[in-house]
Amino acid sequence: MQRRELMRMLNPETRAVFLTAGGAENDEVLRQILAGPISWEQLLITAEWERSLPISWRRISAFSPSIPPEVAQSFERLSAVCGFQSAVLRDRLEEFLRAMTQRDIPVVLLKGAALALTKYDNFSSRPMGDLDLLIAPQHREEAWNAALALGWTWDKAAYPPGKYEQHHHAPPLLDAARTGAKLELHSALSLPSHPFSFTFDEAFAVSVRTPGYGTDIRVLDPEHALLHICIHFAWAHQAVFGLWRLARDAQALASAGIDWARVGELAGRYRAESSVYWSLALAAGVCGVDVAPVKFSNQLRPGGSVVLHGLAARHLAAHVVARHQPCPSEKLRRVMWSLAMQPSRTSGALRPWEESPGPAGGKRKAGRLMRLKGQVGQLRGWAEYLRAMAGNAS
């Protein structure tokens, strides 16, 4: 599947935002897109949704001097807000990690928090909304109570305790200062139902020390970190949210040095080959961030015919923005995701949508007239989906 073909799945505004995840190699294509017809309002909405401000703004403003003044003002204002939130998040993280050090509770930083401190120039260069930390199961309750004492709050209605009894992280905590920050304390990297579930002890054994925040604050080694972010995007988020950050994180990790043979071995061990393959393929095809060696990608490429592989690639590319899902059928979206990820290779693990079942009981069937109205209302969605799959962005 050629990069140019996957990029056609997206409208110009979305393409521009995703291209800002890459470096100078994307400059010419980005310049061409911004010189053409474009909805600046839609571009701003997409950048905010992908949490790519203010990085996208810096790239875009350098290539398009004709940005309407009101749009530029909105970009600058929202970028400043993101910068403030990043500073608050950094301070809140440091405060919590000091408290853990005082209690002799070891912590492994995950995803954005880990990468911001180790692979980026500064904390604000890696936008995020959540702090994900791995705590040993025997310390999780103590750490959670310590967070409450530091001003994090628990919304019991939004995050009921019963839902998290068998979960791999405690109920999320919110910043009492209403900054929008969220703290998640994990006792494992994923649910026990995942074939690639990774315990605290396993993670700690492959972690490396992080300077600056105490004597026992650690992050995953580069290969496990890459594996984790790929699984999180492709499996937990079903490849529909977080691609911009995934692409930048993969590039940051690869630039610092990745043992690709070891990544391949780990992907095979945890049966995560499809998650890693599609995460990196979409980063290359949609964001122009191509970090994986060709030999590595070929080794992890899921089996199946060229035609089915192409259909899966086009479907995933058309759905990388969660707020805009062209396919109107949830059932078909699940079928296409399964076609790409081939979850049967993961020893029958639960699908992502099966891990948090809803209330018991089936849905009440609608009357014939209501069903007909619903089908008519879906015609536009089907037309949009077919246009996207044909390579014509709406």
Side-chain angles (χ1 to χ4, degrees), residues 1 5-6 9-10 166-168 189-198 226-243 246-247 250 263-264 266-287 292 296-358 362-363 378 381-382 384-391:
M1 184 64 61
E5 184 177 352
L6 287 188
M9 301 292 97
L10 309 175
Q166 303 299 323
H167 212 276
H168 65 298
L189 265 65
S190 57
L191 288 168
S193 60
H194 288 189
F196 28 73
S197 184
F198 210 56
L226 180 63
L227 187 74
H228 183 220
I229 64 174
C230 287
I231 290 171
H232 188 74
F233 168 72
W235 186 277
H237 284 173
Q238 298 177 54
V240 299
F241 180 66
L243 179 61
L246 179 279
V263 175
L266 290 172
R269 181 191 306 174
Y270 293 103
R271 298 182 294 282
E273 297 100 323
S274 297
S275 292
V276 175
Y277 173 84
W278 283 113
S279 292
L280 298 181
L282 290 170
V286 173
C287 303
F296 171 86
S297 296
N298 290 340
Q299 289 174 341
L300 265 64
R301 186 183 186 276
S305 70
V306 173
V307 173
L308 290 179
H309 184 275
L311 286 174
R314 297 169 78 83
H315 175 89
L316 292 177
H319 290 79
V320 290
V321 181
R323 69 180 181 83
H324 180 66
Q325 299 287 279
C327 180
S329 168
E330 182 179 358
K331 183 176 181 179
L332 180 57
R333 289 198 299 270
R334 291 176 175 180
V335 168
M336 294 299 291
W337 180 89
S338 298
L339 173 65
M341 299 301 165
Q342 300 184 8
S344 59
R345 297 177 63 186
T346 62
S347 301
L350 291 175
R351 296 349 183 218
W353 52 84
E354 296 172 332
E355 290 163 354
S356 298
K363 293 182 179 179
Q378 287 186 331
W382 283 113
E384 181 183 355
Y385 178 59
L386 292 174
R387 282 197 303 270
M389 293 297 284

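For reference, positions follow the sequence shown, starting with 1.
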Quick one: side chains of residues 298-305, donor-acceptor pairs under 3.5 Å with protein atoms, not counting sequence neighbours, listed by atom name and distance.
from: Asn298; atom 1: ND2; to: Val294; atom 2: O; distance (Å): 3.4
from: Arg301; atom 1: NH2; to: His309; atom 2: ND1; distance (Å): 3.3
from: Ser305; atom 1: OG; to: Leu308; atom 2: N; distance (Å): 3.1

Exercise for the section: Name all pairs fulfilling the salt bridge (charged side-chain N to carboxylate O under 4.0 Å, His left out) condition that reach into residues 332-342, sequence neighbours left out, sorted by first residue then second. Expected result: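 Sorted pair list: Glu330-Arg334.
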
Handout entry: Exercise: identify the closest heavy-atom pair between Phe241 and Phe233
Key =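 It is O-CD1, 3.2 Å.
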
Problem - Worked check of side chain to side chain contact (heavy atoms under 4.5 Å, CB included) between Cys230 and Leu280 - result: CA-CA 8 Å; Cys230 287; Leu280 298 181; 4.1 Å; yes

Practice task
Using atom types as modelled and distance alone, determine if a side-chain donor or acceptor of Trp278 lies under 3.5 Å from a backbone N or O of Ala340.
Solution key: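 Yes.
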
Practice task
Without swapping roles, check the side chain of Gln325 against the backbone of Val321 for a donor-acceptor pair under 3.5 Å.
Solution key: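 Between the backbone of Val321 and the side chain of Gln325 there is a qualifying donor-acceptor contact (under 3.5 Å).
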
Exercise for the section: Taking side-chain contact (heavy atoms from CB on, under 4.5 Å) as the test, write out the residues that go with Ala247, two or more places apart. Expected result: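 With sequence neighbours excluded, Ala247 shows a side-chain contact (heavy atoms from CB on, under 4.5 Å) to Ala21, Ala283, Cys287, Val289, given in chain and number order.
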
Problem - Which residues share a side-chain contact (heavy atoms from CB on, under 4.5 Å) with Ala317, sequence neighbours left out - result: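 Result, side-chain contact (heavy atoms from CB on, under 4.5 Å) vs Ala317: Leu6, Met9, Leu282, Val286.
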
Working to the nearest 0.5 angstrom, can you tell me the gap between [X] [atom1] and [Y] [atom2]?
{"X": "Ser275", "Y": "His228", "atom1": "OG", "atom2": "NE2", "value": "11.5 Å"}
{"X": "Ile231", "Y": "His237", "atom1": "CD1", "atom2": "NE2", "value": "13.5 Å"}
{"X": "Met389", "Y": "Leu311", "atom1": "CE", "atom2": "CG", "value": "5.0 Å"}
{"X": "Leu227", "Y": "Glu273", "atom1": "CG", "atom2": "CD", "value": "10.0 Å"}
{"X": "Met336", "Y": "Gln238", "atom1": "CE", "atom2": "CD", "value": "14.0 Å"}

Handout entry: Partners passing ring pair (Phe, Tyr, Trp, His ring centres under 6.0 Å) against Phe296 (at least two apart in sequence or in another chain)
Key =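 Per chain and number, Phe296 pairs via ring pair (Phe, Tyr, Trp, His ring centres under 6.0 Å) with Trp260.
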
Handout entry: Residues in ring pair (Phe, Tyr, Trp, His ring centres under 6.0 Å) contact with His315, at least two apart in sequence or another chain
Key =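 Scan of His315 (ring pair (Phe, Tyr, Trp, His ring centres under 6.0 Å), adjacent residues dropped) gives His319, Tyr385.
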
Exercise for the section: Test Ser274 against Trp235 for side chain to side chain contact (heavy atoms under 4.5 Å, CB included), laying out the working first. Expected result: CA-CA 9 Å; Ser274 297; Trp235 186 277; over 6 Å; no

